[in-house]
S.K.: 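First, the structure itself, so that you have it in front of you.
No experiment lies behind these values; they were computed from the predicted model shown. As the structure lists them, so they are numbered: ligands from 1, and atoms in each ligand from 1. The first residue in the sequence is number 1, and the count goes up from there.
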Amino acid sequence: MAVFVSGTGRTLENFCERIADGTLRARIGVVVASKECPALDKARARDIPAEVHPGTLTEAALRKVLERAGAEWVVLAGYTKLMAIPEGYEGRVVNIHPALLPKFGGKGMYGMRVHEAVIAAGEKRSGCTVHLCDGKYDTGPIVAQASCHVRADDTAQTLAARVFELEKELYPRTLDAMLAGARESSRA
Ligand code: GRF
């Protein structure tokens, strides 16, 4: 997998732990960010190749990064740039969004803004969505969701923490199933 980050790298850390305990049967070949960020330091601390590519990667540049790393999957883990889908990677570019898509997605809907919008809309439930990327913001096919209650006294922070706990289970589990499915069909 090539893992794309922009932030704190909690998702990356979680992947590393799940790979170590065998729940995510995968290898991280490279971690990519559009700017220096704590997530890149976490990659370096684990001796995973870490690269900075400022701005939006062209399809050709992205392909080069993936081929160099031997990556078969592109996994977005808090990456905030739009991602082109290189030829041959259709159905292999995956993202997680901290809400129940198709609601509360789209350009500018990331981080605390998502949870603030969920609370402002008076939603009773929120959660997270693993979806395939289609070159637009948060509109690709949904693969899996997990949900939780929105409590009357929730702030964006308390809701974000509850949703992230769901992400820590859903994302590695879903990726593992997707990767295993692909291995299975390439053997058939
Ligand atoms: C999570 O909210 C996830 O839904 C979103 O990015 C956040 C994780 O960022 N895509 P990080 O792993 O803490 O950097």
Side-chain angles (χ1 to χ4, degrees), residues 1-20 23-24 26 28 30-46 48 50-54 56-57 73-83 85 92-120 123 125-148 150 154-176 178:
M1 314 192 301
V3 179
F4 285 70
V5 297
S6 299
T8 63
R10 295 171 304 162
T11 308
L12 174 67
E13 285 275 292
N14 184 47
F15 286 159
C16 293
E17 283 161 22
R18 298 306 169 107
I19 288 170
T23 33
L24 174 54
I28 301 174
V30 67
V31 172
V32 180
S34 57
K35 56 179 182 343
E36 280 299 330
C37 57
L40 276 184
D41 296 329
K42 288 187 172 139
R44 292 182 187 116
R46 289 179 180 268
I48 302 170
E51 298 182 10
V52 179
H53 294 277
T56 304
L57 274 164
W73 291 79
V74 177
V75 176
L76 309 190
Y79 189 63
T80 50
K81 297 277 175 202
L82 203 56
M83 168 81 58
I85 315 296
R92 288 176 178 257
V93 183
V94 190
N95 184 38
I96 190 160
H97 184 77
L100 296 173
L101 291 174
K103 283 174 134 183
F104 306 105
K107 192 166 167 37
M109 267 293 178
Y110 60 87
M112 284 302 154
R113 292 187 201 180
V114 177
H115 307 292
E116 280 159 10
V118 168
I119 291 170
E123 296 290 318
R125 297 192 75 80
S126 191
C128 54
T129 304
V130 176
H131 68 95
L132 295 178
C133 296
D134 61 358
K136 292 180 248 150
Y137 284 106
D138 304 325
T139 53
I142 291 171
V143 181
Q145 292 185 309
S147 76
C148 59
V150 178
D154 261 332
T155 62
Q157 283 72 18
T158 59
L159 180 57
R162 192 173 315 118
V163 169
F164 192 71
E165 286 307 307
L166 295 176
E167 291 188 29
K168 280 167 66 180
E169 292 305 315
L170 187 73
Y171 209 6
R173 195 155 42 79
T174 306
L175 281 171
D176 183 72
M178 293 173 87

S.K.: Can you name the nearest heavy-atom pair linking Cys128 to Val163, along with the distance?
M.R.: CB-CG1, 4.1 Å
S.K.: Who are the ring pair (Phe, Tyr, Trp, His ring centres under 6.0 Å) partners of Tyr110, not counting sequence neighbours?
M.R.: none
S.K.: Could you point out which residue of Asn14, Leu166, Val94 forms a side chain to side chain contact (heavy atoms under 4.5 Å, CB included) with Tyr171?
M.R.: Val94
S.K.: Quick check: does any side chain N or O of His115 sit under 3.5 Å from a backbone N or O of Asp154, one acting as donor and the other as acceptor?
M.R.: no
S.K.: I'd like to know if the side chain of Lys42 and the backbone of Thr8 have a donor-acceptor N/O pair within less than 3.5 Å.
M.R.: yes
S.K.: May I have a table of the N/O to N/O pairs between ligand 1 and the protein that fall below 3.5 Å, each row giving the two atom names and the distance to 0.1 Å?
M.R.:
from, atom 1, to, atom 2, distance (Å)
ligand 1, 2 (O), Glu167, OE2, 3.4
ligand 1, 4 (O), Glu167, OE1, 3.1
ligand 1, 4 (O), Glu167, OE2, 2.9
ligand 1, 10 (N), Ile96, O, 2.9
ligand 1, 12 (O), Arg10, N, 3.1
ligand 1, 12 (O), Thr11, N, 2.8
ligand 1, 12 (O), Thr11, OG1, 2.7
ligand 1, 13 (O), Thr8, OG1, 2.5
ligand 1, 13 (O), Arg10, NE, 2.7
ligand 1, 13 (O), Arg10, NH2, 3.3
ligand 1, 14 (O), Thr8, N, 2.9
ligand 1, 14 (O), Thr8, OG1, 3.3
ligand 1, 14 (O), Gly9, N, 2.8

S.K.: State which residue, out of Ser6, Pro54, Ser34, fulfils the side chain to side chain contact (heavy atoms under 4.5 Å, CB included) condition with Lys81.
M.R.: Ser34
